[in-house]
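Below is one structure, written out as structure tokens; the observations come after it.
As a basis for the values below, the full set of heavy atoms in this structure was taken, side chains included, without hydrogen atoms, waters or symmetry mates.
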Amino acid sequence: MANNLHNESDTQKIVERLEKLTIDAKRKWGTMEVAQMLAHLNAFLEIGLDIKFEKRMLIGRIFGRLLKKNYVSEKPFPKNSPTGKNFVFNGYVDFEKEKSKAINLVLEFYQNGVEKCTKQPHQFFGHLTPNEWAIVQWKHFDHHLRQFSS
């Protein structure tokens with residue numbers, strides 16, 4: 001089974017990697033600074049927790065279903081993938097605040113389990129099962145933690 005944030009061991013490893021992250025971590029690709037990356041991760045995880053809602057994108061309604069299989073697969077996200085404008089954080093972002101928030105949200109997602117996972121559609125790919133949400137969240141964290149060597 002693919003790594004996911006409903007699995008205790010996978011969740012713990014993500015938390016450990018977050019704990020090792022430092023404010024001076026340098027990115028290997030992309031344009032976000034480390035604190036902006038954490039805010040980006042937190043904003044997306046809040047959707048999976050039903051804290052935040054994003055409307056479906058028209059292009060996602062047209063093509064999302066066709067691309068979903070690759071998105072929820074075990075294959076890592078490619079470097080420099082496009083980022084939705086609602087998930088871009090420019091300017092100053094408080095690193096310690098976002099790091100603490102990320103750890104807490106990851107643990108909350110795990111502890112909430114399948115029953116409390118969002119029923120909202122993904123803004124591009126549409127309906128995801130709780131297991132797909134857990135896989136995608138893990139892949140997203142893994143992608144950006146690799147970006148900052150953690």
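Using modelled atom types, one side-chain atom of D10 and one backbone atom of N4 make a donor-acceptor pair closer than 3.5 Å. Within the 3.5 Å criterion, the main-chain N or O of L38 finds no donor-acceptor partner in the side chain of K99. Under a 3.5 Å cut-off, the side chain of R56 and the backbone N or O of H122 do form a donor-acceptor pair. Although no hydrogens or angles enter the test, the distance criterion places no donor-acceptor pair under 3.5 Å between the side chain of K20 and the main chain of V15. With hydrogens and angles disregarded, a donor-acceptor distance shorter than 3.5 Å links the side chain of S81 to the backbone of P78.
Contact detail for H6 and A134: the closest heavy-atom pair is ND1-CB, 3.4 Å. Heavy atoms only, all atoms of each residue included: G30 and N80 are closest at N-OD1, 3.2 Å. Shortest non-hydrogen contact noted between N70 and S73 is O-OG, 2.8 Å. Residues N86 and K52 share a closest heavy-atom pair of O-NZ, 3.9 Å.
Atom NZ of K28 sits about 7.0 Å away from atom NZ of K79, to the nearest 0.5 Å. Distance check, rounded to the nearest 0.5 Å: NE2 of H127 to CH2 of W133 gives 10.5 Å. Note that the CZ atom of F44 and the CG atom of L49 stand 11.0 Å from one another [nearest 0.5 Å]. The CD1 atom of I135 lies 7.5 Å from the CD atom of E74; values are rounded to the nearest 0.5 Å. Expressed to the nearest 0.5 Å, how far CD1 of I47 lies from CD of Q137 amounts to 8.0 Å. Separation of atoms CG (N104) and CZ (F109) is listed at 15.5 Å; rounding is to 0.5 Å.
Under the rule for a side chain to side chain contact (heavy atoms under 4.5 Å, CB included), the partners of I23 that lie at least two apart in sequence or sit in another chain are F95. Annotation: ring pair (Phe, Tyr, Trp, His ring centres under 6.0 Å) contacts of F141 (sequence neighbours excluded): none. Here Y110 pairs with nothing under the ring pair (Phe, Tyr, Trp, His ring centres under 6.0 Å) rule; sequence neighbours left out.
Residue pairs meeting the side chain to side chain donor-acceptor pair (under 3.5 Å) criterion with at least one partner in residues 33-50, sequence neighbours excluded, are R27-E33, H40-H140, H40-H144, N42-E98, E46-K101, D50-T118, D50-Q120. The stretch residues 105-114 participates, sequence neighbours left out, in no salt bridge (charged side-chain N to carboxylate O under 4.0 Å, His left out) pair at all. The salt bridge (charged side-chain N to carboxylate O under 4.0 Å, His left out) contacts involving residues 112-134 comprise K68-E132, where partners must be two or more places apart or lie in separate chains.
Taking 4.5 Å as the limit, some side-chain heavy atom of V106 sits within range of a side-chain heavy atom of T11. Here the side chains of L105 and I51 are in contact, with some heavy-atom distance below 4.5 Å. Looking only at side-chain heavy atoms (C-beta outward), L41 and F87 stay at 4.5 Å or farther from each other.
Taking the six-membered ring for Trp and the full ring otherwise, the centers of F77 and Y71 sit less than 6.0 Å from each other. The ring of W29 has its center closer than 6.0 angstrom to the ring center of H143.
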Exercise for review: Step by step, work out the side-chain hydrogen bond (donor to acceptor under 3.5 Å, both in side chains) result for D24 and T22.
Suggested key: CA-CA 5 Å; D24 59 348; T22 62; 2.6 Å; yes

**Study point:** Stepwise side-chain contact (heavy atoms from CB on, under 4.5 Å) test for E16 and I14
**Key:** CA-CA 5 Å; E16 289 168 7; I14 291 292; over 6 Å; no

**Study point:** Chi angles and distances behind the salt bridge (charged side-chain N to carboxylate O under 4.0 Å, His left out) call for D142, R17
**Key:** CA-CA 9 Å; D142 176 65; R17 290 167 69 189; 2.8 Å; yes

Practice item. Please step through side-chain contact (heavy atoms from CB on, under 4.5 Å) for the pair F148 and K26, ending with a clear verdict. Key: CA-CA 6 Å; F148 286 90; K26 301 293 182 221; 5.9 Å; no

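A single hydrophobic cluster is seen to contain both L21 and M32, as judged by linkage of ILVMFWY side chains at heavy-atom distances under 4.5 Å, directly or through other members. In terms of hydrophobic clustering, with Ile, Leu, Val, Met, Phe, Trp and Tyr side chains grouped at heavy-atom distances under 4.5 Å, V136 and L67 are assigned to a common cluster. Two different hydrophobic clusters hold F89 and Y92 under the rule that ILVMFWY side chains link at heavy-atom gaps under 4.5 Å.
Within 6.0 Å of atom NZ in K13, 12 or fewer heavy atoms from other residues, nucleotides or ligands are found, so the atom counts as exposed in its surroundings. Within 6.0 Å of atom CD in Q111, more than 12 heavy atoms from other residues, nucleotides or ligands are found, so the atom counts as buried in its surroundings.
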